[in-house]
2 protein chains.
Amino acid sequence: MTKQKSIILEIINNSCEHLTAEAVYEKSLEKLPKIALATVYNNLNALTASGDIKRINMPDGSAHYDKTIPHDHMVCTVCHKITDVSSYGNYTDKKIKKAYEKATGENIIGYDLILYHVCGDCAKKQIKNI
Amino acid sequence: MTKQKSIILEIINNSCEHLTAEAVYEKSLEKLPKIALATVYNNLNALTASGDIKRINMPDGSAHYDKTIPHDHMVCTVCHKITDVSSYGNYTDKKIKKAYEKATGENIIGYDLILYHVCGDCAKKQIKNI
DNA sequence: ATATTTTTTAGAATTATTCTAAATTTTTCA
DNA sequence: TGAAAAATTTAGAATAATTCTAAAAAATAT
């Protein structure tokens, strides 16, 4: 575990946002002004492979990095804002896994779920434009 | 609806695979030897925007295009093979929407679900390697 | 403490995708 | 129908995200 790697992990674990590689790079520059962008990519890949962080792929193809505390994402189809959604409180995740294990006969290790909605701000704007 | 557009739509609707833009381009060359890669990208974007096809973003960041008949995807975490999973037979999709509408208080328009498993072939190989 | 291995750095290279401007095709409607 | 307008296609240049390379630095093992 190098300085670079631990700072990158810390940045992701301390952020409430869903950072892109570029954004992680910019934040890491504040702590390590000499860090290379390639190092950020290396470590994001390594941390994703080891399961310490999670990569989420947005519908527009952009990659964001996230903590591993299990949760789902809800994306506004208009402005693309990402909101975290707990997948725990209601045990939905266990239900989903069970339903799909039954349907497929496979052992479901995990899943990624991205929900789509129109956020409050965009809904307001849409009403105005009618 | 141009020749190019309709051929691209046909390729995606007649394929059982999950084609990348490049793969769609190669298939379309068989029918239209002069088609430009940019035309393929233009039309994939247009068809996605109009809802005639669907773009799926794999965990490794690669984009694949798919028919719009609603279904989910199961990806092998070892070889990344994609398998279609019906989301209809068991009404799971309605249940998922309802559960998350209750949890978030939002109107859920839709969702993308990617399930992870280890496929039969990879499971066999893993056993051998122990 | 020295050798070996791993990681970092900086910049070049690659890949996927988008942009641009001219040519072509399609659509509009007089 | 046929000219004008609008939209699409083409080819290639441009861009952006990511990976690769080779040397330097840091970490780890002996």
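The chains referred to below are lettered A, B, ... by the order of the sequence lines, with proteins before strands, and numbering in each begins at 1. Remember, predicted model here, so these are calculated numbers, not experimental data.
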- Task: Rounded to the nearest angstrom, tell me the gap between atom CD in B:Glu26 and atom P in C:dT15.
- Result: 14 Å

- Item | Sugar-phosphate only, base, or nothing, as touched by A:Ile35 at under 4.0 Å among non-hydrogen atoms | sugar-phosphate

- Just how far, in rounded Å, is C1' of C:dT18 from OH of B:Tyr25? 16 Å

- Checking C:dT17, D:dA11, C:dA10 against the side chain of B:Ala21 (C-beta onward), the nearest is C:dT17

- Fit a plane to each ring of B:His73 and B:His18, take the angle between them on a 0 to 90° scale, and name the class: parallel (under 30°), tilted (30 to 60°) or perpendicular (over 60°). perpendicular

- What's the closest nucleotide to the B:Ala36 side chain, out of C:dT9, D:dT8, D:dT10? D:dT10

- Note on the structure: Taking D:dT18, C:dA10, C:dT17 as options, the one with an atom nearest any side-chain atom of B:Leu37 is C:dT17

- D:dT9 P sits how many Å from B:Leu44 CG, rounded? 11 Å

- Task: From the options C:dT17, C:dT8, D:dT18, select the nucleotide whose nearest atom is closest to the side chain of A:Gln4.
- Result: C:dT8

- Note on the structure: With the side chain defined as heavy atoms from C-beta on, B:Asn43 is closest, among C:dT18, D:dA17, D:dT9, to D:dT9

- Query: What nucleotide among D:dT18, C:dA10, D:dA11 has an atom nearest to a side-chain atom of A:Ala63?
  - Reply: D:dT18

- Query: So, are A:Asp112 and A:Lys54 salt-bridged, with charged N and O less than 4.0 Å apart?
  - Reply: yes

- Item | Of the listed nucleotides D:dT9, C:dT8, C:dT18, the one nearest the side chain of B:Thr2 | D:dT9

- Integer-rounded Å distance: D:dA16 P and A:Met58 CE: 22 Å

- To the nearest Å, give me how far apart CD1 (B:Ile7) and C1' (D:dT9) are. 13 Å

- In whole angstroms, the gap separating P of D:dT19 from CG of A:Asn42 amounts to 9 Å

- Atom CG of A:Leu32 to atom P of D:dA25: distance rounded to whole Å? 17 Å

- note: B:Lys34, atom NZ; C:dT25, atom P; distance rounded to Å ~ 12 Å

- Spacing of A:Asp72 atom CG and A:Tyr111 atom OH [to the nearest 0.5 Å]: 5.0 Å

- Is the phosphate of D:dT19, meaning OP1 or OP2, less than 4.0 Å from a side-chain N or O of A:Tyr41? no

- Task: Indicate yes or no: at least one non-hydrogen side-chain atom of A:Cys119 is less than 4.5 angstrom from one of A:Thr83.
- Result: no

- Item | Contact nearer the 5' end of DNA chain C, comparing B:Ser62 with B:Met1 | B:Ser62

- Query: Any side-chain donor-acceptor pair under 3.5 Å between B:Asn57 and B:His64?
  - Reply: no

